[in-house]
Each structure stands twice: as structure tokens, then as C-alpha cells.
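Working notes for the structure below.
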Amino acid sequence: DAKTTQPNSMESNEEEPVHLPCNHSTISGTDYIHWYRQLPSQGPEYVIHGLTSNVNNRMASLAIAEDRKSSTLILHRATLRDAAVYYCILRDARRGGSNYKLTFGKGTLLTVNP
Amino acid sequence: EADIYQTPRYLVIGTGKKITLECSQTMGHDKMYWYQQDPGMELHLIHYSYGVNSTEKGDLSSESTVSRIRTEHFPLTLESARPSHTSQYLCASSRGVAGIGGETQYFGPGTRLLVL
């Protein structure tokens with residue numbers, strides 16, 4: 001499985017934008033980039049995913065580098081409720097076998113200061 | 001809002017007891033998963049199922065067993081609990097769709113197990 005590298009932790013101030021980086025230099029052409037987050041004492045929740053183009057949804061934006069070797073999750077205005085561990089995960093687009101599984105790394109612990 | 005439920009949320013039990021952690025989803029998802037997570041550590045997949053009567057071992061070896069008799073139900077059983085089984089257990093589900101790379105997993109709130 002292609003690996004991802006994320007900083008262990010980041011800090012932000014409330015109502016400021018947050019850019020969470022992820023490196024995936026061994027990404028293959030069939031890998032989607034997924035982001036999940038895990039709030040304290042809860043199960044993970046889906047945030048956003050993309051393949052090649054930048055993506056936006058109500059939670060965040062995903063900016064994908066042109067060579068796809070890195071991506072950035074953007075929270076436009078951080079709130080205290082955004083404090084969580086953010087996971088960047090690659091998922092193979094091909095059907096079958098182990099492709100359905102999510103492999104979580106350590107993620108980035110985001111602290112939001114009031 | 002994800003409709004996936006886990007019971008109990010917290011369980012304290014003595015060594016040697018048999019326990020079953022329940023997981024149910026009302027979304028009609030064919031795929032279900034169990035993950036294990038120690039405090040402050042990564043999630044590790046321990047079991048998954050592609051559908052009724054299908055179960056597979058995950059990436060992390062576990063002494064637990066699972067069954068999938070109904071689509072909506074995916075219980076996890078420990079025949080004889082030990083302190084080393086103390087952890088958080090998270091259940092998830094997803095629906096197989098075209099373009100699998102975009103498939104989203106929905107997680108339950110987890111069960112925190114403490115074996116004394």
C-alpha cells in the first residue's frame with residue numbers, strides 16, 4: 001500500500017484558516033486521497049476525498065498537487081470543534097480484495113486555540 | 001448523519017468472561033468492519049465482511065471472532081476476555097458502489113472495553 005506522511009501535530013487559532021499537509025510520493029494512478037478525522041472520544045468521520053482535481057464540500061477543501069505526490073486539507077475557518085486527529089489515507093480505486101480497507105496512520109493532531 | 005450503533009459504549013469485565021460487542025447499521029451497507037484502537041494510538045483493522053456469511057481477518061491479529069448472519073448486524077465476540085484485550089473497538093460500514101476509490105466508511109461511536 002502506498003504510504004502517507006503527515007506532521008504529528010499542528011496548532012491553529014480559532015476562525016483562522018488551517019492547512020493540513022500530506023505527502024504521498026509513492027501514490028499510484030488509481031489511488032484516491034481520502035481524509036478522515038477523529039474527534040476526542042469518537043469514531044472517525046469522513047471529511048473529503050479526491051483523485052486529481054481540487055474538491056470542496058461543506059466541511060473542507062482538498063487541494064491536490066499537480067503531480068499528486070502531496071495534498072493539503074484546508075479548513076477555511078477553524079473552530080474549537082475542529083480540534084481532532086486528521087488522517088490522510090490512500091485508497092486504490094480498483095475493485096476487490098483488500099481495496100475496501102482503510103489503513104490509518106498516526107495522523108495529525110490539530111489543536112485549535114480560542 | 002451515520003446510522004451505525006454500537007453497544008455497550010463502555011464495558012468493565014473480569015478476566016475469563018465471554019463478551020459480545022454489538023454493531024448494527026440501518027443503511028443497508030454490504031461491507032462492515034471492526035477496528036481496534038488503544039488510547040492515543042492508530043486504528044488497526046481486525047475483521048471485515050463483504051456481505052452476509054462473509055468474514056475475513058484484518059491486518060492486526062486478534063483473538064476475537066465475528067459473524068455476519070444478517071446484513072445489518074456484525075457482532076464481535078471474545079470467548080475469554082483478558083487484560084490484554086483492553087482497548088477501544090470501533091465498528092464501521094460502507095456500501096459498495098461503482099468507483100470504489102470514493103467509497104466512504106461510516107463509523108460507530110465505539111466500545112471502550114476494560115478487562116480486569
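A note on names: the letters A, B, ... follow the listed sequences, proteins ahead of strands, and every chain is numbered from 1.
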Could you state whether B:I46 and B:L11 fall into the same hydrophobic cluster, counting links through intermediate Ile, Leu, Val, Met, Phe, Trp or Tyr residues with side-chain heavy atoms under 4.5 angstrom apart? yes
A:D67 CG: over 12 foreign heavy atoms closer than 6.0 Å: yes
Do A:L62 and A:M59 sit in one hydrophobic cluster, given that two such residues count as connected whenever their side-chain heavy atoms are within less than 4.5 Å of each other, even indirectly? yes
Is the CZ atom of B:R9 crowded by more than 12 outside heavy atoms at less than 6.0 Å? yes
Looking only at heavy atoms, the pair that brings A:P44 and B:L90 closest together is CD-CD1, 4.2 Å
B:Y33 side chain near A:L102 side chain, heavy-atom distance below 4.5 Å: no
B:L43 portion near chain A, given a 4.5 angstrom heavy-atom threshold: both
Check whether A:V55 and A:V18 end up in the same hydrophobic cluster, where Ile, Leu, Val, Met, Phe, Trp and Tyr are linked by side-chain heavy atoms less than 4.5 Å apart. yes
Under 4.5 Å from a heavy atom of chain A, the part of B:Q37 involved: side chain
Hey, is the main chain of B:Q105 close enough, under 3.5 Å, to the side chain of A:Y36 for a donor-acceptor pair? yes
